Amino acid sequence: MNDAARSPKLWLPLAALLAVAGASAVQAQAARDFINIVGSSTVYPFTTTVAEQFGRRGRFKTPKVESTGTGGGIKLFCNGIGAQHPDVVNASRRMKAAELKDCASKGVTEVVEVKVGFDGLTMGQSKKGKAFDLTRQQVYLAVAKQVPNPKNPSELIANPYQRWNQIDPKLPNLKIEVMGPPPTSGTRDSFHELYLEEGCKAFDWIKALEKADSRRFKNICHTIREDGAYIEAGENDNLIVQKLEANPDTVGIFGFSFLEENLDKLRGMKIEGVEPTFESIAEGEFPASRPLFIYAKKAHVGVIPGLQEFLNEYVSERAAGEEGYLTDRGLVPLPEAELARMRADVRNLKPFKL
Amino acid sequence: MNNTSDTAHNEAREPAVLSRSAAETQALVERSLRRRYRAEQRFQAYGMAAVLSGVVFVIFLFGTILLQGISVFQQSYVKLEIFYDPEVIDPTGERDPDVLVTANYQPLVRDALRERFPEVSGRRATRELYRILSSAASLDLQQRVVANPLLIGQRETRWVLVDDNVDMLLKGKVDRDAPEDARRLSDEQVAWIDELEAAGVLKLRFNRSFFSNGDSRDPEQAGVRGALTGSLLTLLITLLLSFPIGVGAAVYLEEFAPRNRLTDIIEVNINNLAAVPSIVFGLLGLAVFIGFFGMPRSAPLVGGLVLTLLTLPTIIIASRAALKAVPPSIREAALGMGASRLQMVGHHVLPLALPGMLTGAIIGMARALGESAPLLMIGMVAFIVDVPQGVMDPSTALPVQVFLWSDLPERGFVERTSGAIIVLLLFLLVMNATAVVLRNKFEKRW
């Protein structure tokens, strides 16, 4: 305790530790024996399932899957070729042309696109509440900041609707309360695209804007009201599920897998008369479903052990097939023919072009 | 209370000095006394109310976590008689370790379950039956066979993992009476489960795998070992770096540095750094350690370095406070006896200040243990199955594990999330208890 030299002595092993760590850092970068995956938190539950099954097979190490969000993941992915950069990125939307260009400018020229399945974006309510169904136009009218004036549809006014039956007398006399994802979430992008844009297009003059003035179109369709009717419930879909239970008159927006896990508590609302079920999403009847992707670097195949095998596993019958283990997790599989095409793309490592 | 009222009576008995009558004075004093007593009682009541509401919040917090998470320490297993069929796991009979590792062991468990229900037939019904089993049920068999190939061809009774839906049913966390299509288990499956339970071969046992496994997408297989190890490694790096650097900086600033504009600026900056949001340190770590030095993502080493940046200000401030608390007489006496300043600090001041510094360090560590935001930036928010073996292996940390599990749709992960929080709280409790013990053991009072 009273040894004065105690803390100077601590420095020696410390310096040694740092040196060793530094040296092994370089080594670890030179050769990586596991697959490194980044990207969307929506695809995360599915990719991790494949990664674990793949690791259990025993031939290769279990891949590491980071949850960074689609945009952040693609940025990391496109940073370059080499063991310090990720091999695969999860995306809850298609890669944009700008992103692909960015990739190419940093040497990531050949990217393989794999569509792995669909995820339904569902609206649901507690089973304890009064059951009703919606159309996408009603959803738009309920949550948009500005809506067409009911008396003069070509004019925009601040959203006047406070109760559902003001939108349509057939809807119940309940306060409008919709719980959904915050703007940082990929799910919010999907909500804009699958619900609001479609709902907004029910008005002809707004639909015409899409081509004529796409910025104004987006401004009208994507701006969500801030007066408390739309509640940002955080990135966590489980939280939305719990809040719906506590407040049965509220409507929530969440991924289909959360609906499927909680069918004893929640009911999926029909959208334009179509119930969100596994079948209706697979058949493409349910209007709000989105494809999920993974992207892989061709240059890393053969360098990172197991990358080709991992991609094969992802599109195999036992994973992505109609009765594969991914369907147990709530992923809606691709139609047979498309899955076969994906398998061929993966086998040939067909580069992705837009 | 009694004391003060006695003095009040004494005062009242004194002869009136002022022109007021004695009775008037007494009334006046008593009024003022009553007012002051009331004020004190009110103040005490406010204090009590504050403590009480704090306690209620804490009880609520711990209560919900314990209520949801305590069941994680038990796990449903089914007792099956496994036949290690050489046809299935080692068809060539060569006992080649590669073949044994990659073989599919699930059929062994499935066949064992089929034996219990010979009446089940047809593809659909058998699939339903197999769904009672966890997809990780065979991992244990694989490990046993790889460790001991002599098992092949033998029979053995094992408790194997069942699916998380069955586990939730046994723990009463799903509504048995809900209509069939609103449940994850069919009526048929529930009947089988009841039958197994009645026979005493399906029951809740101590959940050892929660403490021995890394992450998994199957709730029944997921454990905190990987995250716990990751947290330990990260904290080790943090402690090794931040304690000596923090103490060194504090000693220099407090005992040696001249008081001038420069040291003032340093001091203000240290105090400011202590309040910087932790995500900023994550961004810094990403740019410097990963971007510039090229260290790998997701490594506890980088996590430790980032958390060092985060805890340094706390440790420096606490250490300086501890040094300030050492009475000047100690310094003067040492110098008076002819000690050099280094000897004065090294032999006398530092040993006396060390308990306070240790407490500060442990409080800093506790803060570092609970951080998840900066780890997000450096890639420690990840799905990692293998338990890390060293500071360069990819790993997560406990708070990150809590965050990741809370976001998964399976019902079983609700329980795991609370379970991981309980483990995190226990870890914190141990750390803080260590701080208290160290302080009590070494602290000197003047």
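This is a predicted model, so every value here is computed, not measured. Lettering follows sequence order; numbering is per chain, from 1.
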*Engaged part of A:Gln53 at the chain B interface, taking heavy atoms whose separation is under 4.5 Å*: side chain
_Is B:Asp98 close to chain A through its backbone or its side chain, or both, or neither, when contacts mean heavy atoms under 4.5 Å?_
neither
*Please flag which part of B:Leu404 lies under 4.5 Å from any non-hydrogen atom of chain A: side chain, backbone, both or neither.*
side chain
_Any side-chain heavy-atom pair of B:Arg297 and A:Lys64 under 4.5 Å_ = yes
*asked:* So for A:Phe34, is it side chain, backbone, both, or neither that comes closer than 4.5 Å to the heavy atoms of chain B?
replied: side chain
*Any chance the side chains of A:Asn262 and B:Arg411 put a donor and an acceptor closer than 3.5 Å?*
yes
*asked:* Checking side-chain polar atoms at under 3.5 Å, does B:Arg217 have a donor or acceptor matched by the opposite partner on A:Thr48?
replied: yes
*Checking B:Ser138 against chain A: side chain, backbone, both or neither under 4.5 Å from a heavy atom?*
neither
*Got a salt bridge between B:Asp175 and A:Lys127, using NZ or NE/NH1/NH2 to carboxylate O under 4.0 Å?*
no
*Go through the atoms of B:Gln221 and report whether side chain, backbone, both or neither lie under 4.5 Å from a heavy atom of chain A.*
side chain
*Test A:Asp264 against B:Arg176 for salt bridge (charged side-chain N to carboxylate O under 4.0 Å, His left out), laying out the working first.*
CA-CA 10 Å; A:Asp264 56 337; B:Arg176 218 171 232 281; over 6 Å; no
*If you round to the nearest 0.5 Å, how far is CD of A:Glu66 from CD1 of B:Ile384?*
7.5 Å
_Under 4.5 Å from any heavy atom of chain A, what part of B:Ala136 do you find: side chain, backbone, both or neither?_
both
*Side chain, backbone, both or neither: which part of B:Leu408 has a heavy atom under 4.5 Å from chain A?*
both
_Portion of B:Arg183 that has a non-hydrogen atom of chain A nearer than 4.5 angstrom_ = neither
